[in-house]
Amino acid sequence: MSKIQELRIGWLYPTLMSTYGDRGNVICLQRRCQWRNIPVTIIPLNQQSDGATFEQVDLIVGGGSQDRQQEIVMRDLQGAKAEALKAKIEGGTPGVFTCGSPQLLGHYYEPALGQRIEGLGVLDLISKHPGPDASRCIGNVVFEITPSPLAKTLKKQLGKPPIVIGFENHGGRTYLGQVEPLGKVIKGYGNNGEDGYEGAFYRQAIATYSHGPLLPKNPFIADWLIQTALQEKYQTEITLSPLDDSLSEKAREAMLKRLDVHLV
Ligand code: GLN
């Protein structure tokens, strides 16, 4: 651990993209680093930032937003910043992108009202809102992380299959192209309520519809992000010291029971 100087977390449009408590993901990453004496800096990535700011970050967090805010972000995220963000994701910088964020990393998003908005196209997916009268996908969601080697690494670390518990609230439906889904839905709607997939996983970027916020409810994902970011940055194997997650584990058990999910 002696080589670690700093983890720089880039937070996409903090004031525009943080619905349903998504800022909790940033707080969770920050606290889990601080508890281990890993210095953390949070860098807002927003209208005031330029491409160079985007280039500095070791880990990226993007939250959800409603259509109106999402459109403002998508219109701002152009040029050098868009290129820097794409290059980061393509280059293997880990990230967690929730709900509205994956929609803007895909090819396009068709909002409930108005014109199609072009996305960055870094994730091979599209998202469409069926219109203001269509019902939203709302509720608790449970899914199993499936892509290899991510699923294998997490399973080894947990000693059991990596099950995510979250909360979803989206009007848009996402359809994947060649990109791998993040997981298979056990309870809830997932990407579109039809194909049984949840989220997407590309390079080291996690895209999901799960709020919750996601990371405090599923701390093993937070640790995977921290560990992966540090390994990428310092090009050395990093082992994180364990933390006491017994309270979160109890909350997870209670939630699975409430949702009547029985894992084998
Ligand atoms: N605007 C998007 C939708 O309704 C995203 C919502 C969100 O991020 N919670 O599909």
Side-chain angles (χ1 to χ4, degrees), residues 10-28 44-46 60-77 85 89 95-143 164-177 179 181-183 185 187-201 205-218 221:
W11 185 4
L12 286 172
Y13 299 84
T15 55
L16 290 168
M17 304 191 78
S18 189
T19 50
Y20 313 117
D22 285 343
R23 63 192 279 275
N25 287 336
V26 177
I27 297 168
C28 177
L45 303 172
N46 55 22
I60 308 163
V61 181
S65 61
Q66 298 310 322
D67 286 10
R68 204 164 151 266
Q69 287 74 16
Q70 196 169 325
E71 191 165 346
I72 300 170
V73 169
M74 287 171 96
R75 302 223 180 280
D76 182 71
L77 197 48
L85 178 56
I89 294 174
V96 58
F97 303 96
T98 311
C99 204
S101 294
Q103 293 177 351
L104 64 83
L105 294 178
H107 298 296
Y108 61 81
Y109 176 58
E110 287 180 1
L113 296 166
Q115 299 287 309
R116 174 188 283 194
I117 314 164
E118 295 305 315
L120 296 189
V122 64
L123 300 180
D124 186 12
L125 57 85
I126 57 133
S127 306
K128 300 178 191 189
H129 194 303
D133 297 331
S135 58
R136 293 178 67 82
C137 303
I138 304 177
N140 292 297
V141 60
V142 180
F143 66 92
V164 175
I165 303 173
F167 169 78
E168 58 185 330
N169 187 343
H170 52 108
R173 273 67 165 171
T174 291
Y175 300 91
L176 306 180
V179 68
L182 176 63
V185 174
K187 197 108 191 178
Y189 296 92
N191 286 347
N192 49 49
E194 295 161 32
D195 60 21
Y197 292 136
E198 211 292 332
F201 184 65
I206 288 178
T208 179
Y209 267 115
S210 279
H211 305 275
L214 175 81
L215 300 181
K217 279 187 143 172
N218 305 276
I221 302 180

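In this chain, numbering begins with 1 at the start of the sequence shown. Each ligand, and each atom within it, is numbered from 1 in the order the structure gives. Atoms considered below: every heavy atom in the structure, side chains included; atoms not considered: hydrogens, waters and symmetry mates.
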What is the distance from atom CG of Leu176 to atom CG of Asn192, rounded to the nearest 0.5 Å?
-> 8.0 Å
Flag for Arg136-Asn169: side-chain donor and acceptor within less than 3.5 Å = yes
Assess whether side-chain hydrogen bond (donor to acceptor under 3.5 Å, both in side chains) is satisfied between Gln103 and Thr174, documenting all intermediate values.
-> CA-CA 7 Å; Gln103 293 177 351; Thr174 291; 4.7 Å; no
Subset of ligand 1 atoms that lie under 4.0 Å from at least one heavy atom of Tyr109 = 1 (N), 2 (C), 3 (C), 10 (O)
Say whether Asp124 and His107, considering side chains only, have a donor N or O and an acceptor N or O under 3.5 Å apart.
-> yes
Any Ser210 side-chain heavy atom under 4.5 Å of Glu198 side chain = yes
Under 4.0 Å between heavy atoms, the region of Thr98 that gets near ligand 1 turns out to be neither
Judging by distance only, is a nitrogen or oxygen of His170 under 3.5 angstrom from one on ligand 1?
-> no
Are any of the N or O atoms of Gly171 closer than 3.5 Å to those of ligand 1?
-> yes
What atoms in ligand 1 come closer than 4.0 Å to a heavy atom of Gln70?
-> 1 (N), 2 (C), 5 (C)
Can you find an N or O of Asp67 that's nearer than 3.5 Å to an N or O of ligand 1?
-> yes
Under a 4.5 Å cut-off applied to non-hydrogen side-chain atoms, are Asn140 and Lys187 in contact?
-> no
Should His211 be listed as contacting ligand 1, given a heavy-atom distance under 4.0 Å as the test?
-> yes
Of all the heavy atoms in Tyr20, does at least one lie under 4.0 Å from an atom in ligand 1?
-> yes
Please determine if Gln103 has a nitrogen or oxygen closer than 3.5 Å to a nitrogen or oxygen of ligand 1.
-> yes
Side-chain donor or acceptor of Asn218 paired with backbone N/O of Leu214 under 3.5 Å = yes
Short list, please: which atoms of ligand 1 are under 4.0 Å from a heavy atom of Gln66?
-> 1 (N), 9 (N)
Out of Ser65, Gly64, Gly100, whose heavy atom sits nearest atom 6 (C) of ligand 1?
-> Ser65
Ligand 1 atoms nearer than 4.0 angstrom to some heavy atom of Cys99 are 5 (C), 6 (C), 7 (C), 8 (O), 9 (N)
At a 4.0 Å threshold, what atoms of ligand 1 neighbour a non-hydrogen atom of Gly172?
-> 3 (C), 4 (O), 10 (O)
Do other residues, nucleotides or ligands put more than 12 heavy atoms under 6.0 Å from the CD atom of Glu194?
-> yes
Taking the side chain from Ser101 and the backbone from Gly63, do they hold a donor-acceptor pair closer than 3.5 Å?
-> yes
Could you tell me whether ligand 1 has any atom less than 4.0 Å away from a heavy atom of Arg136?
-> yes
